[in-house]
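Here the structure comes first, spelled out in structure tokens, and everything after it is commentary.
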Amino acid sequence: MILRTLALAAACALAGPALAATPEGVWLTPPDGKGQTAHITAQRCGAAWCGTITAAFDAGGRQITTPNVGKRVFWDMVPGGAGFAGRAWVPAHGRSYQAEMRPAGRSMVVRGCLGPVCQSQTWRKVR
């Protein structure tokens with residue numbers, strides 16, 4: 001009986017990461033320095049996850065045209081640590097960083113680091 005209980009516990013522990021939240025969906029970013037927000041569509045890209053800016057909005061919530069729409073903002077995100085790890089591009093900086101994402105229900109913490117300096121945002125799931 002103890003052996004079965006241990007086997008079941010091990011199977012559940014191994015299944016845990018497979019059952020964890022994924023970044024799949026459309027996410028709303030917080031306002032940038034200009035008050036603009038974006039929708040990021042996250043989807044599978046082969047064995048990893050990637051996300052693309054699919055819409056942008058001004059401070060009043062009106063959809064706007066920007067050259068960033070259509071650009072990929074994260075890629076090569078694979079399970080690691082408490083979420084997913086890969087690369088992210090920050091339009092305001094014009095460069096990419098090591099990044100991680102931690103989806104949990106209808107929010108996702110996105111964090112990027114350059115050496116010891118890190119910044120994070122919380123995105124809200126739109127759909």
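The model shown is predicted, which means the values in this text are computed figures rather than measured ones. Computed over heavy atoms, backbone and side chain alike; hydrogens, waters and symmetry mates excluded.
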**Message:** Rounded at 0.5 Å granularity, tell me how far OG1 in T52 sits from CD1 in I40.
**Reply:** 8.0 Å
**Message:** Taking the side chain as everything from C-beta on, heavy atoms only, tell me whether E100 gets closer than 4.5 Å to F84.
**Reply:** no
**Asked** What's the verdict on side-chain contact (heavy atoms from CB on, under 4.5 Å) for R102 and M108, showing C-alpha distance, side-chain angles and the deciding distance?
**Response** CA-CA 5 Å; R102 293 182 182 175; M108 178 164 62; 5.7 Å; no
**Request:** Evaluate the criterion side chain to side chain donor-acceptor pair (under 3.5 Å) for residue pair R111 and Q119; output intermediate values, then yes/no.
**Result:** CA-CA 6 Å; R111 182 175 185 220; Q119 291 185 332; over 6 Å; no
**Message:** Looking at every non-hydrogen atom in both residues, tell me the closest pair between G105 and K125 and how far apart they are.
**Reply:** O-CD, 4.3 Å
**Asked** Should V26 and F57 be counted in the same cluster of Ile, Leu, Val, Met, Phe, Trp and Tyr side chains packed under 4.5 Å apart?
**Response** no
**Item:** Side-chain heavy-atom pair V117, Y97 within 4.5 angstrom cut-off
**Value:** no
**Prompt:** If you look at every heavy atom in W89 and R95, which pair is closest and at what distance?
**Reply:** CD1-O, 3.3 Å
**Message:** Taking the side chain as everything from C-beta on, heavy atoms only, tell me whether S107 gets closer than 4.5 Å to W123.
**Reply:** no
**Item:** I64 CD1 to T66 OG1 distance, which is reported to the nearest 0.5 Å
**Value:** 6.0 Å
**Message:** For residues W75 and V110: do they belong to one hydrophobic cluster (side chain heavy atoms under 4.5 Å, members Ile, Leu, Val, Met, Phe, Trp, Tyr)?
**Reply:** yes
**Asked** In the single-linkage hydrophobic clustering (I, L, V, M, F, W, Y; side-chain heavy atoms under 4.5 Å), do L28 and V109 co-cluster?
**Response** no
**Message:** Within this structure, what is the OG1-CD1 distance for the pair T37 and I53, rounded to the nearest 0.5 Å?
**Reply:** 11.0 Å
**Prompt:** What pairs with Q36 under side-chain hydrogen bond (donor to acceptor under 3.5 Å, both in side chains), at least two apart in sequence or on another chain?
**Reply:** none
**Asked** Which heavy atom of C45 sits nearest a heavy atom of R72, and at what distance?
**Response** SG-NH2, 4.0 Å
**Prompt:** A42 and P23: which non-hydrogen atoms are nearest, and at how many Å?
**Reply:** CB-O, 3.0 Å
**Request:** Please confirm whether the backbone N or O of A59 pairs with a side-chain atom of K34, one donor and one acceptor, at under 3.5 Å?
**Result:** no
**Message:** Nearest 0.5 Å, please: how far is CG in D58 from OG1 in T65?
**Reply:** 11.0 Å
**Prompt:** Crowded around R124 CZ? As in, over 12 foreign heavy atoms under 6.0 Å?
**Reply:** no
**Residue pair F74, R87: steps toward the side-chain contact (heavy atoms from CB on, under 4.5 Å) verdict** = CA-CA 6 Å; F74 64 85; R87 299 287 297 173; over 6 Å; no
**Message:** Nearest 0.5 Å, please: how far is OG1 in T122 from CH2 in W27?
**Reply:** 10.5 Å
**Asked** Quick one: CG on D32 to CD on Q121, what's the gap to the nearest 0.5 Å?
**Response** 9.0 Å
**Message:** For residues L114 and V90: do they belong to one hydrophobic cluster (side chain heavy atoms under 4.5 Å, members Ile, Leu, Val, Met, Phe, Trp, Tyr)?
**Reply:** yes
**Prompt:** Where do A48 and V78 come nearest, in terms of heavy atoms and distance?
**Reply:** CB-CG1, 3.8 Å
